[in-house]
Each structure stands twice: as C-alpha cells, then as structure tokens.
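Please read these numbers as outputs of a predicted model, since none were measured by experiment. Atoms considered below: every heavy atom in the structure, side chains included; atoms not considered: hydrogens, waters and symmetry mates.
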Amino acid sequence: MSDAVRVGFIGLGDQGAPMAIAIAKKFDLHVWARRAVSYDGLRGARHMKENDPVELAGKVDVLCLCLRGDSDLHDLLSDPSLLPALGKGGTVVSHATGDPAEAEGFERMTEEQGVHFLDAPVSGGRPGAEARSMTCFVGGRTDALDRTRPVIECHSKHIVAMGAAGSGQMAKLCNNALTVSNMRNVVEVFAMADKLGVSLAGLRDAFAHSSGGSFILQTLGTRVTVGNAAHIAELNRVDVDEFAEAMRRKGVDPTAIQEWATKGPEALEALVQRLQ
C-alpha cells in the first residue's frame, strides 16, 4: 500500500483522535464527526473534513472506525449509500470492541457490496495510541489485512491475525478477561500480605524486579489511581460481561471470572489507596 492511499476515520474520541493523528502523518486523512468539538482532538494534524459519512466513504479506500460499540457501527453500515460509496475493493476496519457474532454479520453485510471488513479491536488505550504502541487483534480476510496493515501500523506496534471475522473480537474479549483475572490475583494477594504486616509499597517494588511482576502491577498508582480506580473497575466489569456473554454462546462457563468482577471496584480502589 502506497502513501497515496486515502484513509477515512470516524470516531475521534479519547482513543480514536490520537490514532487518527498517527495515520495523518503518513496518509491522506479524511474525517467526519457529529460534533464540531471532536475535531479539536486532532490538534493541527493534517486532515480533510467531510460533510457526512457517505461523502467521506466516497473519497477513501480504507474506512477506519473507532465507535462506541456494535449499535453505532450497525447504524453507520446500514445506510444504503455508504458501502456503495466506498466501492468494491474498499475496506472497513472497525477498532471498537464488540460481539464476535456481530462482527461476522458485519462482514456478510459488507462483502455483499464487494467491500472487505476487518474486526480489529485494539488494546492500549489513549496512552498506547499516543505512543503508537497499541496491540491490534484482527479478524477477517488475510488479503484485506495485508492491504491495510500499513495503515494499522501507524498506531499499532503489534498486529496479530487471529482468524476469520469475529476472531479479533473474541481475542480482545479474552484479553480483557485475563486483565481482570490478573487484577484479581494482585488485589487478593496484596490483601493477604497487608494482613500479615508486609509493606505493600515494598512488595510492589520487589515484584517489579522478580517473577511476581506484571503489567497490571505496574499500572497501580500510575495509570490506575485513586481518582480513576472505581471507573476502571467498572469498565472491567462491562468488559467481563461482554466476555461472559460471548463465552456462553460458545458453550463455555465464565462464572468464576464474572463473579469477581462485580466486587472489583471496592477492592481495587482500596488497594490503590494503600499504595499511595
């Protein structure tokens, strides 16, 4: 894919804006947002504003979406003019986390119009997008990924093909569930250590240089603070609920992970308070 490829981006939120900025450094970027204030997040990055999603689709080869969820994506793709405007051979890349079954449906919808679809949720949040170090889990046709990889590489350091459409979403949901499981382990082990009079700050420092260390442990007191711990734990609960629903549809019992997520906010906030 050459730099002449035109890229569209919709979803200029907290995570989407820095992703779009990264793309604009290499490709011609066309954007659209419902609210004028959303464009402020581009912070002077070179871009072209379009009047509506259909006009945007008609001017790009790759349409990247970082929407809130499946319902927003369905509303967008259901516009009968959008996919024909993008044209045969175009590619829709959805970076939102959603239902694997919905991703399969989105691929069927787009392929009927000769447009490829990649479910490509990302991990790393805004810090990862700004550092261009995100991980992207991709489900969909390998040839579509090969063509769009240079665009995704603008913001994602690790791009992993997971399989058919829907597998990218399933991988992201598993990632979210494992994040919560790791957090549960940290919270519960630290609670036991606290009862025994062990320095929690000392424990965190020691684990950072030993086999007990982890990415989750490193976030406590840095990315996860007293001010946002309850909010992050609530987001984790939502992530686990989505994971649980997807697992149950596949005949897998996720009860143990889901149960802990319901009590996570108070336990996580308490631990972060003790560490600061």
Is the backbone N or O of [Y] less than 3.5 Å from a side-chain atom of [X], with the two atoms forming a donor-acceptor pair by type?
{"X": "T222", "Y": "Q218", "result": "yes"}
{"X": "T225", "Y": "G221", "result": "no"}
{"X": "D119", "Y": "A165", "result": "no"}
{"X": "K172", "Y": "V122", "result": "yes"}
{"X": "S78", "Y": "D75", "result": "no"}
{"X": "T110", "Y": "V115", "result": "yes"}
{"X": "D239", "Y": "L173", "result": "no"}
{"X": "D70", "Y": "E102", "result": "no"}
{"X": "S156", "Y": "I159", "result": "no"}
{"X": "N228", "Y": "H231", "result": "no"}

4.5 Å side-chain heavy-atom contact, [X] and [Y]:
{"X": "C66", "Y": "Q15", "result": "yes"}
{"X": "M162", "Y": "V160", "result": "yes"}
{"X": "F27", "Y": "R46", "result": "no"}
{"X": "T91", "Y": "L63", "result": "no"}
{"X": "M170", "Y": "K250", "result": "yes"}
{"X": "P53", "Y": "I10", "result": "yes"}
{"X": "H74", "Y": "M109", "result": "yes"}
{"X": "L271", "Y": "F190", "result": "yes"}

Item checked: Plane angle bin for F9 and H95 - parallel if under 30°, tilted between 30 and 60°, otherwise perpendicular ->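 Ring orientation of H95 relative to F9: parallel.
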Check: Going by the angle between their ring planes, with limits at 30° and 60°, are F117 and F106 parallel, tilted or perpendicular?
Finding: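 Judged by the thresholds at 30° and 60°, the geometry between F117 and F106 is tilted.
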How long is the gap from [atom1] on [X] to [atom2] on [Y], to the nearest 0.5 Å?
{"X": "E50", "Y": "E55", "atom1": "CD", "atom2": "CD", "result": "5.0 Å"}
{"X": "L275", "Y": "S199", "atom1": "CG", "atom2": "OG", "result": "9.0 Å"}
{"X": "R68", "Y": "T97", "atom1": "CZ", "atom2": "OG1", "result": "14.5 Å"}
{"X": "R274", "Y": "L220", "atom1": "CZ", "atom2": "CG", "result": "13.5 Å"}
{"X": "M183", "Y": "L217", "atom1": "CE", "atom2": "CG", "result": "10.5 Å"}
{"X": "K59", "Y": "H30", "atom1": "NZ", "atom2": "NE2", "result": "7.0 Å"}

Note to self: Taking the basic N atoms (NZ, or NE/NH1/NH2) and the acidic carboxylate oxygens, is any pair closer than 4.0 Å for R184 and E188?
What the structure shows: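 Result for this pair is no, no salt bridge flagged.
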Note to self: If only side-chain N and O atoms count, and only distance matters, is there a donor-acceptor pair under 3.5 Å linking D99 with Q169?
What the structure shows: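 There is no such pair (donor and acceptor under 3.5 Å, judged by atom type) between the side chains of Q169 and D99.
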Single-linkage hydrophobic cluster [X]~[Y], side-chain heavy atoms < 4.5 angstrom:
{"X": "I23", "Y": "M48", "value": "no"}
{"X": "L82", "Y": "L65", "value": "yes"}
{"X": "L67", "Y": "V37", "value": "no"}
{"X": "L178", "Y": "F215", "value": "no"}

Margin query: Between V92 and L83, does the side chain to side chain contact (heavy atoms under 4.5 Å, CB included) criterion hold? Intermediate values first, please.
Written below: CA-CA 9 Å; V92 173; L83 293 176; 4.3 Å; yes
Item checked: More than 12 heavy atoms from other groups under 6.0 Å of CZ on R248 -> yes
Checklist line | Identified side chain to side chain contact (heavy atoms under 4.5 Å, CB included) partner of L12 from the options I21, D40, L42 | finding: L42
